[in-house]
Amino acid sequence: MSAFKAIRYLMSPSSIAVVGASRTPGKIGHEILKNIIEYGFKGQVYPVNPRATEVLGLKCYPSVSSIGKPVDLAIIVIPAQAVLPVIRDCVKSKVKVAAVITSGFGEVGNKQLEAEVVKTAREGGMRILGPNIFGVYCAASDLNATFGPKDVLKGSIAFITQSGALGIALMGWTITEKIGLSAIVSIGNKADLDDADFIEYFNWDNSTRVILIYIEGVRDGRRFMEAALETSINKPIIALKSGVSKRGMVAASSHTGSLAGSAQVYKAAFKQSGVLIASTVSQAFDWARMFSSNFKFYGYNTVIITNGGGVGVMASDACEKLSIPLIDPSEELKNKLRRFMPPFGSVKNPIDLTGMASEEDYKGAISTCLSSEEVNAIIVLYCETAVTNPVMIAKTIASSIKAQDKPVVASLIGGSKTQLAINELNYRGVPAYNEPYKAVDSLSAFFKWNKWRTKSY
Ligand code: ACO
């Protein structure tokens, strides 16, 4: 079976067998089954455990072949030495793809067993995800087959991760940060299906707008680059590449058995394939938030709208550093903008509505800039004041943009109400951050990708 077809079954199975569905809460097999049920997967779910008759209210089967009905996806959560016979049973039962959660394979030198598992599966027409993974999540099919947090938010970012623990931690982090995901795939040792296969799949997948990948090493560099290049033209890929230091490379080798490779080689290869390299987890997700919005690229000419001089200056510095051109508004545009500020405001760029700025002022200034051909993108800044309600400001910003697809990024600074306002904006599809640099940096990533893309067409 082709990798693409297998991944379709992995992401949208009609039926799942959980092999090693433990009766004991807290055990991985139990928690995965629980997540599948509680996240609301609509297909058939079959727990498999020869020592149980029922797990979490579902009838339990002694083996996959005893289910007697078609199984698309088998999730395997039993000790390493028991995996191969189960793979044989899955092949016999015509299972399409198996996600092997189990550790103790190539990453600890047990390469022969890993190769045997893959060979048995491939010869029988089945494909393998893993081993050494935390599972898979797909928003479109209400599938949370992981032992990570349950309440993953739905969105349009596909997250591929070679690190399990980091991936699980980031699942929790995305929930707190209100970041929506279309999919999460833990690829672990990637003994069979690998990053390139998933990049190709998410390029095709309409529910994914941006791909974020945590990567330690690539086995087939050429194939990875080909898949990345083809996809980057269509959707952005953001990479978090670790294992770039001497010690980091050694650590990557014992973590997932990867050859991390030199930082320079990766940097050059990623650049050539249009892959954006993020330096930190939060930067990667900041960018992903930007790309998951509905904006189109109109050009680079940018304005800053603010109610605070200081943050305006900070954002101006960041724009210069990141090569974002701030326009000098024409007299016509300046005259239009004057209506939304007191006489001591500034119509230069940054457009300073002053600390007196009301929701109506923000609305007027944003709408004016959105309808001006001089402006291709807007950075909206807000500092919490006692004369404004941050959440109302956020709602006003979002409603001023409405169906517009000109890029608007926001940065709001303040207390707990401001955090709610940031959440409100993000929820409504306006990328919003808690400091100006992040907003500017995310807009810069958007420009960078579009520049690469327009050149590559
Ligand atoms: N078929 C079906 N069920 C079986 C079979 C079998 N052949 N063999 C055992 N079982 C049942 C067991 O009876 C048990 O159920 P019970 O608890 O109701 O008795 C259940 O399957 C689990 O088997 P255990 O022997 O209890 O195994 P345990 O749950 O302790 O460990 C596991 C299995 C989780 C796969 C372990 O071997 C492992 O690999 N752990 C690491 C997983 C991991 O971390 N993966 C990487 C993730 S990413 C990260 O780093 C976070």
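These numbers were taken from a predicted model, which means no experiment stands behind them. Just so you know, ligand 1 is whichever comes first in the structure, and atom 1 is the first atom listed for that ligand.
Annotation: side-chain contact (heavy atoms from CB on, under 4.5 Å) contacts of S186 (sequence neighbours excluded): I133, F134. Shown here are the ring pair (Phe, Tyr, Trp, His ring centres under 6.0 Å) partners of W449, two or more places apart in sequence or in another chain: F291.
With respect to the salt-bridge test (charged N to carboxylate O, under 4.0 angstrom), the residues E114 and K190 do not qualify. At a threshold of 4.0 Å, the pair D142-K154 counts as salt-bridged, since one of the basic side-chain nitrogens sits closer than that to a carboxylate oxygen. Looking at R122 and D192, a side-chain N of the basic residue comes within less than 4.0 Å of a carboxylate O on the acidic one, giving a salt bridge.
The contact set between ligand 1 and P50, taken as ligand atoms under 4.0 Å from a residue heavy atom, comprises 1 (N), 2 (C), 3 (N), 4 (C). Interface of S103 with ligand 1, defined as ligand atoms under 4.0 Å from a residue heavy atom, comprises 38 (C), 39 (O), 41 (C), 42 (C), 43 (C), 44 (O), 45 (N), 46 (C). Annotation for ligand 1: atoms under 4.0 Å from non-hydrogen atoms of I101 are 42 (C), 43 (C), 45 (N), 46 (C). In summary, the atoms of ligand 1 found under 4.0 Å from a heavy atom of V19, numbered by their order in the structure, are 1 (N), 2 (C). Ligand 1 places these atoms under 4.0 Å from at least one heavy atom of A165: 49 (C), 50 (O), 51 (C).
The closest side-chain donor-acceptor pair between Q283 and D441 falls under 3.5 angstrom. A donor atom on one side chain and an acceptor atom on the other are not found under 3.5 Å apart for S207 and S182.
Contact annotation for Y61 and ligand 1: no heavy atom of the residue comes within less than 4.0 Å of the ligand. For I133, every heavy-atom contact with ligand 1 shorter than 4.0 Å involves the backbone, none the side chain. When non-hydrogen atoms are compared, ligand 1 lies under 4.0 Å from the backbone of I78 as well as from its side chain. At a heavy-atom cutoff of 4.0 Å, ligand 1 is contacted by both the backbone and the side chain of R23.
In this comparison of V18, V55, N49, the heavy atom closest to atom 15 (O) of ligand 1 sits on N49. One option in G20, P79, G29 has a heavy atom closer to atom 23 (O) of ligand 1 than any other, and that option is P79.
No option in N144, N35, T146 other than N144 meets the side chain to side chain contact (heavy atoms under 4.5 Å, CB included) test with V152.
For ligand 1, one of its N or O atoms has an N or O atom of K27 under 3.5 Å away.
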